[in-house]
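Report on the following structure.
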Amino acid sequence: LMKIMKILLTIIAILFAAFGLFKVLSFDIVNPIISISLATLLLLRGIEYKNNRDKSGFILNLIVAMLLYIFVIFNVFLS
């Protein structure tokens with residue numbers, strides 16, 4: 001299940017990055033979707049680190065994912 005979620009989130013990020021690159025969708029729409037999928041991917045990676053008992057990798061991924069979520073929230077609600 002974890003591997004399928006990681007593959008799905010990676011495909012979503014690449015697909016929407018291509019949509020933004022080829023100007024199919026606006027950057028205002030594409031940027032939050034890419035950021036949320038990458039932040040969720042980081043959370044899944046952090047869970048893998050926690051399962052492998054690597055506490056520093058888990059904390060680092062958790063902090064970066066939370067910063068990305070905060071970035072998305074500010075961009076969506078303030079722009």
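Here the structure is a predicted model, which means the values were calculated and not measured.
In Y49, the OH atom is not crowded: 12 or fewer heavy atoms of neighbouring residues, nucleotides or ligands sit closer than 6.0 Å. Heavy atoms of other residues, nucleotides or ligands lying less than 6.0 angstrom from CG of L21 number more than 12. Atom CG of L78 sits in a crowded spot, with more than 12 heavy atoms from other residues, nucleotides or ligands closer than 6.0 Å.
Here the CG-CG distance, from L43 to L38, works out to 11.5 Å after rounding to the nearest 0.5 Å. Here the CD1 atom belonging to I47 is positioned 10.0 Å from the CE atom belonging to M5, to the nearest 0.5 angstrom. Here the straight-line distance linking atom CD1 of I34 with atom CG of L68 works out to 11.5 Å at 0.5 Å rounding. For the atom pair L9 CG and I11 CD1, the distance stands at 9.5 Å (nearest 0.5 Å). Atom CZ of R45 and atom CG of L62 lie 15.0 Å apart (nearest 0.5 Å).
By the criterion of side-chain heavy atoms lying less than 4.5 angstrom apart, applied directly or through intervening Ile, Leu, Val, Met, Phe, Trp or Tyr residues, I12 is grouped together with M2 in one hydrophobic cluster. I4 and L41 fall into different hydrophobic clusters, defined by Ile, Leu, Val, Met, Phe, Trp and Tyr side-chain heavy atoms under 4.5 Å apart, directly or through other members. Hydrophobic clustering (side-chain heavy atoms under 4.5 Å, transitive across Ile, Leu, Val, Met, Phe, Trp, Tyr) groups I59 together with M66. No chain of hydrophobic side-chain contacts below 4.5 Å, direct or via other Ile, Leu, Val, Met, Phe, Trp or Tyr residues, connects I14 to F27. Under the 4.5 Å side-chain contact rule for hydrophobic residues, I70 and L42 do not share a cluster.
The minimum heavy-atom distance between F16 and V30, with the atom names listed, is O-CG1, 3.0 Å. Considering every non-hydrogen atom in both A65 and A39, the closest pair reads CB-O, 3.5 Å.
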* **Derivation and outcome, side-chain contact (heavy atoms from CB on, under 4.5 Å), residues T40 and Y69** => CA-CA 9 Å; T40 309; Y69 283 130; 2.8 Å; yes
* Decide yes or no on side-chain contact (heavy atoms from CB on, under 4.5 Å) for V72 and F77, but give the supporting numbers first. => CA-CA 8 Å; V72 170; F77 289 117; over 6 Å; no
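Under the 3.5 Å distance criterion, the side-chain polar atoms of N61 are matched with a main-chain donor or acceptor of G57.
Looking only at side-chain heavy atoms (C-beta outward), K6 and E48 come within less than 4.5 Å of each other. Side-chain contact check for N31 versus F71: some heavy-atom pair is nearer than 4.5 Å.
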